[in-house]
Number of protein chains: 2
Amino acid sequence: MDSRLGGVAVTIKDVARLAGVSASSVCRTLAAPDDVRPDTRERVQRAVAELGYYPNRAARGLITGRTGNLGLIVPDIANPFFPDIIKAAEARARELDYAVFLADTDEDPAAEMGLIRAMSKQVDGFLLVSARCSDEELRSVYDDMPVVVVQRCVRHVPAVTFDDHDGIRQAVGHLATLGHRRVAYVAGPRTSWSNKERQRILRSTTSAAGIELVDTGHAAPTLDGGTAVADLVLATRATAVMAFNDMMALGLLRRFRALGVDVPGDISVVGFDDIPLAELVDPPLTTISLAKQRVGRAGVDMLIGLLDGRLDRAPRTILPTQLTVRASTGPARRD
Amino acid sequence: MDSRLGGVAVTIKDVARLAGVSASSVCRTLAAPDDVRPDTRERVQRAVAELGYYPNRAARGLITGRTGNLGLIVPDIANPFFPDIIKAAEARARELDYAVFLADTDEDPAAEMGLIRAMSKQVDGFLLVSARCSDEELRSVYDDMPVVVVQRCVRHVPAVTFDDHDGIRQAVGHLATLGHRRVAYVAGPRTSWSNKERQRILRSTTSAAGIELVDTGHAAPTLDGGTAVADLVLATRATAVMAFNDMMALGLLRRFRALGVDVPGDISVVGFDDIPLAELVDPPLTTISLAKQRVGRAGVDMLIGLLDGRLDRAPRTILPTQLTVRASTGPARRD
DNA sequence: TTGAAAGCGGTACCAC
DNA sequence: GTGGTACCGCTTTCAA
């Protein structure tokens, strides 16, 4: 009763030999237990248990074209926004008996394509979260294998996105009510679809609310990125600032604190994502919450639906967003 | 000049056909370009480029026994301690032309073994960070394939660990200097080797410093875990508390704030890991910093050394730790 | 220097 | 119901 992973490497032949049957029967017992005679099944199952046999997925994939693996690619695991999505995706995949291969691109579009290429034959499909590569590239990947993009829209490519419009509308309304008339937007990566989207929505929403939107240019969507543009934000004399994501917003808070700038007294700060830290910092961050628990699950379900041929065309799922008001926003300061 | 991933699936045969050579020659051109005649090489390389051929690593692994993939398993990617390690490991692996397959076990020892099993034939070795499984299980995995454990010691298994003793000594000295005589320890998972280790070291170090160590029992190594034991900590009437890791320490801070308990006025808090958030919260957290940038790199180097047969026996690397004093620790309150 | 053939671990198909 | 055989994509002898 050796339950180790396989003493060196147990193959289907070892099982067949021990059970006194052919490899075909072992295979069949595993795939369709009802198609073999009970006593055969039992002998095989005993042998499998005894040897600790576990089929080689890579070899199986070679012939079936299915590996039982999903590729999950994110720009930056250090951004606490992604772990929630990742964990939900992994959990859902596990339920459906898929393994998840995860990779981090470090926000680098080139690394992204490299990883996709390296993984491509070892997974059945990809879940690309906030992919930074071009539409062209994305579509070319989709030509070859099932892909679901998260937080991005590309024609003909299945996608799970957030209804950014709703959250932004709430946030802008909130700021307008507090008397803000000049709001800065700290943009994220130029290559980020959601950054463009948020910027676009923000422009129309603020102008509708009679708010002037000031642009402070792009920065890395990280703590340091936020910290780096903080001075620029102050220079705009905006009374409130919205950041592309919470990490940037936290970076702003850090720098503001260092400068003795009071939040929200001197300036209000709004983030995006509602990462777990948002409520821990001082002051707790007002931010736009996304249904991130659901996105991982929805993405995996869509991907596997695609694999199973249950879905055709390019399905779309849109998940809700909502403003969560905390202490980092307050009445506009009077100049 | 189709640079897509492979129009459906480019195999070595397609390349061979287009180049007018045999599959063997294609293979040889890729593996040892000098072993083929220049004109053959050129024809093959042109065909490879034209078709966007990329060898199927899984198929290759089947015969060579090497997949070019490394498995990286961590208990919880949502704990900001791990992303730094992961990113360093990925970067180093990429340099050495390996891909990393990452998985999160959700702190579940059973999931850990399941993942290892699912991945085992698809990777050349494992980097197991803070593995929660038993020594037995770990050794049985190591029987089958190269493994490097991080933040854990198991006889005969290669390991990269932190010199916890040094950091703890500094922390205890720091607290002693501040007049603390009664310190609580909030333990992490029962299955965590480093928790046991830290607890052990803490016991001897505090007793040597004339400090009474109070145990508050185990909790999940997360924000919520820390929050959950905060009341218990206060009940011990300790003037300082050390947590198994920063996430737990942040959980304590959160609850203390909710209760109106002043840190460090009423109680000092010390964490472990020095995650990026530690300095962002209020008050910034005093914590024991680990050389985490180095650990991912060292782990990968050791693992690949093992794979290449450059290392034998069970190598050990021990990385430094150091107390980082911030505002969450102060003089002991007088009772 | 090159190509044919065998085989890695599995699965699918087809006789029996 | 079962076993033989071919083959997935690739590498590695081994002869030519």
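These numbers were taken from a predicted model, which means no experiment stands behind them. Residue numbers begin at 1 in each chain, while the letters A, B, ... track the order of the sequences.
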Looking at the side chain of [X], which of [options] is the nearest nucleotide?
X	options	answer
N56(A)	dC10(D), dG9(C), dT2(C)	dG9(C)
T11(B)	dG9(D), dT2(C), dT11(D)	dG9(D)
A59(A)	dT11(C), dT2(D), dG9(C)	dG9(C)
R60(A)	dG10(C), dG9(C), dG1(D)	dG10(C)
R28(A)	dT2(D), dT13(D), dC8(C)	dT2(D)

Between [X] ([atom1]) and [N] ([atom2]), how many Å, whole number?
X	N	atom1	atom2	result
R66(B)	dT12(D)	CZ	C1'	16 Å
L62(B)	dG10(C)	CG	C1'	8 Å
D35(A)	dG3(D)	CG	P	14 Å
K121(B)	dT11(C)	NZ	P	12 Å
L30(B)	dT11(D)	CG	P	7 Å
Y54(A)	dG9(C)	OH	P	17 Å
I12(A)	dG7(C)	CD1	P	18 Å
R41(B)	dT1(C)	CZ	P	10 Å

Checklist line | Interatomic spacing from CZ in R152(A) to OG in S130(A) - rounded to 0.5 Å | finding: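 It comes to 9.5 Å.
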
Margin query: For F101(A), run the side-chain contact (heavy atoms from CB on, under 4.5 Å) check against I73(A), L70(A), L72(A), N69(A) and tell me which one passes.
Written below: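 Only one option passes, and that is N69(A).
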
Checklist line | Option from V36(A), V48(A), D35(A) for which side-chain contact (heavy atoms from CB on, under 4.5 Å) with T29(A) holds | finding: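 Only one option passes, and that is V36(A).
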
Notebook entry, point to check: Is any N or O donor-acceptor pair between the side chain of R57(B) and the base of dG9(D) shorter than 3.5 Å?
Noted result: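 Answer no: no donor N or O sits under 3.5 Å from an acceptor.
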
Notebook entry, point to check: Do NZ/NE/NH1/NH2 and the carboxylate oxygens of K87(A) and D76(B) come within less than 4.0 Å?
Noted result: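 Salt bridge flag = yes for D76(B) with K87(A).
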
Would you say a side-chain N or O of [X] is under 4.0 Å from OP1 or OP2 of [N]?
X	N	value
S22(B)	dG3(C)	yes
S25(A)	dT2(D)	no
T40(A)	dT2(D)	yes
Y53(A)	dG10(C)	yes
K13(A)	dC8(C)	yes

Next item on the list: Evaluate the criterion side chain to side chain donor-acceptor pair (under 3.5 Å) for residue pair Q122(B) and N56(A); output intermediate values, then yes/no.
Entry: CA-CA 8 Å; Q122(B) 319 192 48; N56(A) 181 331; over 6 Å; no

Notebook entry, point to check: Does R37(A) or A23(B) map to a spot on DNA chain D nearer the 5' end, using the closest nucleotide for each?
Noted result: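 Whichever sits nearer the 5' end wins; that is R37(A).
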
Next item on the list: Nearest-nucleotide wise, let me know which of I63(B) and G20(B) is further upstream toward the 5' end of DNA chain C.
Entry: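 This one resolves to G20(B).
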
Check: Heavy atoms under 4.0 Å, any strand shown: does S24(B) hit a base, just sugar-phosphate, or nothing?
Finding: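 Base, at least one base heavy atom under 4.0 Å.
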
Margin query: Can you see whether Q151(A) engages T161(A) through a side-chain donor-acceptor pair at a distance of less than 3.5 angstrom?
Written below: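 No, no side-chain donor-acceptor pair sits under 3.5 Å.
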
